[in-house]
Amino acid sequence: MLDIALIREKPDWVKAQMEKLNDDAALQRIDRILELDGQRRTRRTRIETAQAARNKLNRAMGKLRGDKTMPDAEKAARAKGAGAAVSASDYDKARDLLDGSIALEIGDDADFNASFGELIKELRLMGDKIADGFDRVEAIEKELRELMLWLPNLPHPSVPVFAGEEHNLAGEMRGALREIDFEPKPHWELGPALGIIDFERGVKLAGSRYYVLKGWGARLQRALISFFLDQARANGYSELYTPYIVHSEMLYGSAQFPKFQDTVYGVAEEDKYLLPTAEVAITNLHRDEILEEADLPLNYVAHTPCFRSEKASAGRDVRGIKRVHQFEKVEMYKFTTPETSYAELEIMTQQAEDICALLEIPYRRLEIVTGDLGFSAAKKYDIEMWSPGCAEWLEVSSCSNTEAFQARRAMLRYYPSGSRKTRYPHTLNGSGLATPRVMIAIMENYQRADGSIVIPEVLRSYLGGADVIDAG
RNA sequence: GGAGAGGUGGCCGAGUGGUUUAAGGCGAUGGUCUUGAAAACCAUUGUACGGUUCUCCGUACCGCAGGUUCGAAUCCUGUCCUCUCCGCCA
């Protein structure tokens with residue numbers, strides 16, 4: 001979520017930033033947000049003032065009625081005068097009468113029950129008006145909040161301004177192409193031939209875009225996950241095992257909801273959802289907490305399955321296991337101060353690249369342009385591996401700095417050193433890495449003419465020292 | 001899944017409709033005293049939003065959401081969570 005104060009104070013600047021995102025619907029919400037924010041503040045001030053007056057009157061009346069020293073006749077007279085004052089909207093006078101700070105006017109006399117009854121009636125009317133006012137403010141705030149939840153994050157000034165993903169800036173390829181002196185095959189041919197991917201049975205169990213890994217396929221994936229986690233740990237991330245099913249509020253916190261509600265799977269009869277990425281769980285790990293600056297940066301890593309409905313991608317990438325409903329991912333995550341978040345983004349992206357290099361698979365970095373940033377990121381890099389069988393670049397990691405966008409949604413704050421004034425930390429997430437795609441890259445880069453696959457050197461210790469996967 | 005007991009500030013813990021504007025204690029922070037420390041004493045103490053603009057003021061928050069009432073931590077309803085016992089299970 002964006003800072004409402006920023007929109008209020010620099011509306012034109014915010015609009016100018018949002019224009020870079022190629023998201024007209026969001027841009028058009030700004031004026032309505034400004035209008036609602038103005039209304040809400042005027043109304044709230046007015047109602048809270050009335051509320052303060054009523055609270056004082058209630059308290060003063062209770063005190064007066066319970067007073068052991070004052071004669072009933074005076075209590076009744078004061079209540080009568082206060083009732084009249086409330087009726088005339090003179091709340092100060094009413095309060096002064098009730099708490100005894102002004103003297104009674106001469107000639108006041110009144111029936112005890114009738115006077116208090118009348119005063120209570122006036123207070124009830126006052127309370128009804130206040131309740132109506134709060135209802136209006138709450139309705140305004142609900143609409144305002146809903147609009148705010150639909151606003152994307154603003155891009156960092158360093159992000160290249162272009163409309164679409166075709167303009168993403170691709171860096172140089174790193175690492176050498178492996179020598180393949182035959183026509184490389186795609187993984188959807190290699191996998192079934194080796195008996196390590198079973199597409200038909202995956203479809204039988206769960207439908208299209210599901211698959212079964214068998215034997216070396218399943219083992220290779222498990223080895224990759226262990227390898228990824230070990231790398232992250234060596235880089236100072238502490239490992240988490242989290243629930244794979246979370247409350248819907250968590251999806252709002254990490255900004256999948258409300259905009260991308262149809263991309264996740266829900267649990268029937270419950271307001272809970274399967275993780276589309278571990279980012280959702282980790283973002284909300286410290287939800288509603290206030291951290292200390294001394295604890296930052298907090299570095300976490302978690303391996304989880306990821307479930308995505310991929311409705312928006314119907315018909316795309318239907319062959320093989322590039323785009324599936326369930327996959328495994330190791331996610332790196334950082335909570336940092338605003339001052340250090342961009343330096344940490346570079347570090348995290350480099351760490352993702354290092355894993356590609358260790359696997360000895362050619363890769364490149366993409367600098368994502370404003371029009372392709374997505375909803376939450378202020379800046380983003382993708383890492384792609386080259387895969388010769390299907391002859392394309394596969395996105396195996398995406399590293400983002402969301403700045404305070406998710407922290408604000410998840411009510412996550414920290415105390416700066418020596419201060420009790422809370423700030424929002426910045427949150428960063430990056431894959432390190434995701435498995436079916438890395439497996440594709442391994443199979444297609446390390447394939448040999450006979451259809452067997454050489455196991456990358458760094459994985460061999462995870463696989464009992466084996467160096468090749470063949471049909472045997 | 002069944003039965004019972006609970007949920008109050010950073011922590012412990014009082015609080016059965018209006019002197020509670022959440023007592024008291026612990027912790028933390030600042031100060032006094034001290035060569036230093038401890039002890040003692042004094043002061044301060046959360047979050048969000050709004051107003052004000054660097055200092056205050058106001059409103060809300062006692063698991064959460066509704067309700068009753070002039071007024072709710074307190075009464076009512078629902079819900080979530082925790083603990084104990086039983087059942088089931090890896």
Side-chain angles (χ1 to χ4, degrees), chain A residues 1 3-9 33 36-70 75-76 78-80 82-87 91-92 94-95 97-101 112-142 144-145 148 241 243 245-250 267 269-272 286-295 404 407-424:
Chain A
M1 207 153 48
D3 183 359
I4 184 77
L6 179 68
I7 298 176
R8 183 154 66 220
E9 284 153 25
I33 285 171
L36 289 171
D37 181 54
Q39 278 185 30
R40 122 173 218 279
R41 293 198 301 152
T42 349
R43 285 174 184 272
R44 184 164 275 282
T45 305
R46 200 168 63 220
I47 292 159
E48 288 186 352
T49 307
Q51 175 89 310
R54 193 200 56 165
N55 285 349
K56 284 200 180 82
L57 291 175
N58 273 328
R59 227 175 287 130
M61 182 188 76
K63 218 164 157 180
L64 177 71
R65 203 156 68 166
D67 193 315
K68 297 271 177 8
T69 58
M70 188 183 288
K75 289 185 191 177
R78 287 185 177 278
K80 187 180 177 187
V86 171
S87 179
Y91 304 129
D92 288 344
R95 190 198 56 219
L97 281 167
L98 290 175
D99 68 16
S101 60
F112 188 90
N113 287 329
S115 299
F116 275 95
E118 194 62 26
L119 175 57
I120 284 170
K121 203 181 95 188
E122 290 297 337
L123 289 174
R124 186 194 299 133
L125 286 171
M126 206 176 162
D128 289 346
K129 261 190 256 173
I130 290 167
D132 287 348
F134 272 120
D135 286 349
R136 298 278 289 279
V137 167
E138 273 164 22
I140 290 167
E141 288 181 347
K142 193 180 166 196
L144 182 60
R145 180 174 167 75
M148 290 295 288
Y241 171 81
I245 295 173
V246 295
H247 291 296
S248 61
E249 298 89 79
M250 309 307 146
V267 177
E269 307 293 323
E270 286 193 79
D271 189 27
K272 292 178 186 173
H286 296 292
R287 158 183 278 269
D288 297 327
E289 293 179 26
I290 305 176
L291 306 169
E292 297 289 343
E293 180 170 354
D295 296 331
R408 199 173 279 117
R409 285 175 168 241
M411 274 307 277
L412 165 64
R413 291 145 298 159
Y414 77 98
Y415 290 122
S417 305
S419 164
R420 292 270 100 184
K421 205 172 165 69
T422 59
R423 294 178 83 193
Y424 292 104

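Here is the naming used below: chain letters follow the sequence lines, and residue numbers restart at 1 for every chain. Side chains are part of it too, since the values below use all heavy atoms of this structure and drop only hydrogens, waters and symmetry mates.
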Checking N1-N3 plus N6-O4 or O6-N4 for Watson-Crick, or N1-O2 and O6-N3 for wobble, each under 3.5 Å, the partner of B/U19 is none

Can you tell me how far P in B/G2 sits from the matching atom in B/U79, rounded to whole Å?
12 Å

Whole angstrom is fine here: how far is it from CD1 in A/I140 over to P in B/C49?
18 Å

Looking at A/I290, is its backbone amide N or carbonyl O close enough to the side chain of A/R413 to form a donor-acceptor pair, meaning the two atoms are under 3.5 Å apart?
no

Can you tell me which nucleotide in B/C70, B/U21, B/C49 comes closest to the side chain of A/E48?
B/C49

Any idea which of B/C70, B/U59, B/U47 is nearest the A/A52 side chain?
B/U59

NA contact type, A/M411, heavy-atom cut-off 4.0 Å: base, sugar-phosphate, or nothing?
sugar-phosphate

If pairing requires Watson-Crick or G-U wobble contacts with both distances under 3.5 Å, which nucleotide is the partner of B/G36?
none

Rounded to the nearest angstrom, tell me the gap between atom NE2 in A/H247 and atom P in B/C64.
15 Å

Sticking with atom P, work out how far B/G15 lies from B/G63, rounded to a whole angstrom.
15 Å

Roughly, in whole Å, what's the span from OH in A/Y91 to P in B/U59?
15 Å

For nucleotides B/G78 and B/G4, find the distance between their P atoms and express it as a whole number of Å.
14 Å

Can you tell me the Watson-Crick or wobble partner of B/A3, both distances under 3.5 angstrom?
B/U84

Side-chain N or O of A/R54 closer than 4.0 Å to phosphate OP1/OP2 of B/G71:
yes

In the structure shown, which nucleotide is the Watson-Crick or G-U wobble counterpart of B/C64, with both distances under 3.5 Å?
B/G78

Can you tell me the distance, in whole Å, between the CG atom of A/N55 and the P atom of B/U19?
12 Å

What's the gap between B/C64 and B/U55 when it is taken at their C1' atoms, as a whole Å value?
35 Å

First encountered from the 5' end of RNA chain B, between A/R44 and A/K272
A/R44

A/R59, A/M126, A/K129 screened by side-chain contact (heavy atoms from CB on, under 4.5 Å) with A/R54, the one that passes:
A/M126

Between B/C76 and B/C11 - C1' atom distance, rounded Å:
32 Å

Side-chain-base donor-acceptor pair under 3.5 Å for A/R59 and B/G18:
no

Can you see which heavy atom on A/F116 is nearest to which on A/L64, and at what distance?
CZ-CD2, 4.0 Å

Rounded to the nearest angstrom, tell me the gap between atom CG in A/L123 and atom P in B/U69.
15 Å

Looking only at the side chain of A/Q51 (C-beta and beyond, no hydrogens), which of the listed nucleotides B/G50, B/A48, B/A60 gets closest?
B/A60

For A/R8, answer base if it contacts any base atom (sugar-phosphate contacts may also be present), sugar-phosphate if it contacts only those atoms, and nothing otherwise; contact means non-hydrogen atoms under 4.0 Å.
sugar-phosphate

How many angstroms lie between CG in A/N58 and CG in A/L123, if you round to the nearest 0.5 Å?
5.5 Å

Between atom CG in A/D288 and atom C1' in B/G63, what is the gap in whole Å?
12 Å

The residue, A/I120 or A/E138, whose nearest nucleotide of RNA chain B is more 5′ is A/E138

Nearest-neighbour nucleotide for the A/T422 side chain, B/U47, B/G71, B/U59 considered
B/U47

Separation of A/D99 atom CG from B/U19 atom P, in whole Å?
14 Å

Could you check whether A/R65 gets within reach of a base, just the sugar-phosphate, or nothing at all, counting any heavy atom under 4.0 Å?
base

So A/I290, base contact, sugar-phosphate only, or nothing? Heavy-atom distance under 4.0 Å.
sugar-phosphate

Gap in Å between the two P atoms, one belonging to B/U35 and one to B/A23, rounded:
38 Å

Look through every strand shown and name the nucleotide pairing with B/A28 as Watson-Crick or G-U wobble, where both distances are under 3.5 Å.
B/U44

Measure from the side-chain N and O atoms of A/S87 to the backbone N and O of A/G83, and report whether any donor-acceptor pair falls under 3.5 Å.
no

Could you tell me whether a side-chain N or O of A/K80 sits under 3.5 Å from a main-chain N or O of A/S115, the two making a donor and an acceptor?
no

Looking at A/Y415, does any N or O in its side chain come under 4.0 Å of the phosphate oxygens OP1/OP2 on B/U47?
yes

Given B/G50, B/C70, B/A48, the nucleotide with the shortest approach to the side chain of A/R40:
B/G50

Measuring only the P atom in each nucleotide, how far is B/C88 from B/C80? A whole number of Å is fine.
25 Å

Measuring only between side-chain heavy atoms, which start at C-beta, is A/R145 closer than 4.5 Å to A/M1?
yes

Mind checking who B/U55 pairs with, Watson-Crick or G-U wobble, both distances under 3.5 Å?
none

Quick one, A/Y415 and A/E293 - any side-chain contact, counting heavy atoms below 4.5 Å?
no

What does B/U69 pair with, Watson-Crick or G-U, if both distances are under 3.5 Å?
none

Measure NZ/A/K121 against P/B/U69 and give the value in whole Å, please.
16 Å

Can you check the distance between B/A14 and B/G24, where both ends of the measurement are the C1' atom (answer in whole Å)?
7 Å

